[in-house]
Amino acid sequence: MSPSAYHKLLKRQVRKHLNDLKELPDREALDHFLEAVSKSYSSFDQDKELSQRMFDIADSEYQEINRRLLEEKKTREQSIAKLIEAVNTLRQAESGSEDIDENLDLLSIADLLGEEVMLRRQIEEALKEAIVETEKAAKAKTEFLSIMSHEIRSPLNAVIGMTHILNNEEHLPSQEENLSVLEISSRNLMLLINDILDFNKIDSGNLELEQHSFDLAHLLKNIRKANDHAAKERGNILKLFVDDELPTSVRGDSARLGQIITNLVSNAVKFTNEGMVRIDATVMRSNDTEVTVRVSVEDEGIGIPEEKLKRIFEPFTQAGAETNRNYGGTGLGLAITKKLLHLMGSSIKVKSSEGQGSTFYFDLTLVTGESVSPETPNSGPIDEVKDLGNARILAVDDLEFNIITLSKIIGKWNIELTTASNGYEAVELVRNKDFDLVLMDLQMPVMDGREATEKIREFNTELPIVALTASTNESTRREVLALGMSDFAGKPFEPDQLYRKLKSHLVAKKEA
Ligand code: ADP
């Protein structure tokens, strides 16, 4: 290594301390020494430079880490604040407890949150239990009502039947008013029971709407006719306007639709004195398959104060406390109407103000159906003297008063009546004796009407069997026909209707 290549510090020191290197002994050894020293100076410089650079790098990384840590700290503080806010909302919503301390650390907040979660689980468990209990209670209520209805309706049928008999038998003029009170009260009681049952049935989701073709205009005419007498009694004029565009046949549940409209019309008649009540059926829209009809019932009666308007659709609610006293009713009709219309995909609307009359209306979309014949076996003229040609009739019912009522009414129609108190007795009687017709109750002990009919059909397929049932809807009709019965009559029965049914089956049997 030449001296010019030495490290600059070494060069300076050699120049200072060793003026003439050439004069020094053992030049070679000294050169080696100096070279080694120079190299170590150089590598010291490199190390210094390197560590300086490393220090610079470490400093910027440190700055970055510091920045991130600060950011994380901020986020953490914000999260804790949010967590505290959430815990406070939870505590207030569930237990109304006070806010938690804002300076709590994360661990304490986690503990609190754990407690809240436990509390929430307990509440959920309690809620689940409450739902189970409520469902049990609802089921018990439905069962209770269905059992009670049967138990109440049976004797009530007898009361209504007996009243009918008393009315038709010779009685003193002084008894006239008592009989009329008896008749109205027992019929009202029956209506009330039917309303409660209906409401319960709809409320528990057990009501299935039927789909059959019917003539809506015909249904409206019948409703008008049925309410005409009550309207006249209050000095009202009851009018019906049916749109010419209304199709002659639509599909739906005519009995339930009739119940809805009847309820609106009878309310309008009830709450109006010496005024006009008008029923309108207007076609709003129609195409090849569907028609939307607006049915409205407008009256000039007492009207409903605005603050009461919303409440009248709630069950057991009447517009005023004096309403029941003055007009009777249960406050269930509109609640049922609202629920039935909801099932039909419609809703009831009302416009009314106190003293200005009321208009109740709804729009219903119905599928247009095949045409139907308006004639039913229950219409047409009735024989002046009821005579069933000495027909041999077997009446089966477990309740003695039902048998007494029935025999008092049909016993006058020239028949030979035999009675049985359960299905088992009926089957034995039919096996051993000739009958022209059987009137069969459905619910009976020992053997019910359904089973008895099945047994009779095993050996006699011709004998007309007419079921006596409390419900006369389409599903009951289908059920009794599927059992092999020929027809059914509602309880309490209308003597004229029952006479027509018996006569038509007896005539058909004779012709067969
Ligand atoms: P109800 O007629 O058996 O009392 P509703 O549910 O049918 O029960 O009617 C509830 C209440 O709404 C009635 O009690 C009456 O106060 C009011 N209301 C219903 N229809 C009319 C009407 N057309 N005019 C005046 N008030 C009515």
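Whatever order the structure lists them in is the order used to number ligands and atoms, beginning at 1. Since the model is a prediction, treat every value here as computed from it, not as a measurement.
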Test: Asp496 and Lys386 ion pair at under 4.0 Å: yes

Run the salt-bridge test on Arg457 and Glu454 with the 4.0 Å N-O cut-off and return the result as yes or no. no

Compute the shortest N/O to N/O distance between Phe271 and ligand 1 and return yes if it is under 3.5 Å, no if not. no

Given that the side chain starts at C-beta and the backbone is N, CA, C, O, which of these parts of Thr337 lies under 4.0 Å from ligand 1, counting heavy atoms, or is it both or neither? neither

Using atom types as modelled and distance alone, determine if a side-chain donor or acceptor of Asn460 lies under 3.5 Å from a backbone N or O of Ile456. no

Within a distance under 4.0 Å of any heavy atom of Ser358, pick out the atoms of ligand 1 and give their elements. 22 (C), 24 (N), 25 (C)

Side-chain donor-acceptor pair present, Arg500, Gln497, cut-off under 3.5 Å: no

At less than 4.0 angstrom from any non-hydrogen atom of Asn263, what atoms of ligand 1 do you find? 7 (O)

Any heavy-atom pair between the side chains of Asp448 and Gln443 that's under 4.5 Å? no

If we only count heavy atoms from C-beta on, is the Leu207 to Leu340 side-chain gap below 4.5 Å? yes

Going by the atom numbers of ligand 1, which of them fall below 4.0 Å from some non-hydrogen atom of Leu332? 6 (O), 8 (O)

Heavy atoms only: which of Leu334, Ile304, Ile336 lies closest to atom 26 (N) of ligand 1? Ile304

Atoms of ligand 1, numbered as shown, that sit under 4.0 Å from any heavy atom of Ala268: 23 (N)

In ligand 1, which numbered atoms sit nearer than 4.0 Å to a non-hydrogen atom of Lys270? 1 (P), 2 (O), 3 (O)

Contact region, Phe313 to ligand 1, non-hydrogen atoms below 4.0 Å, reads neither

Lys308 and Glu354 ion-paired at < 4.0 Å: no

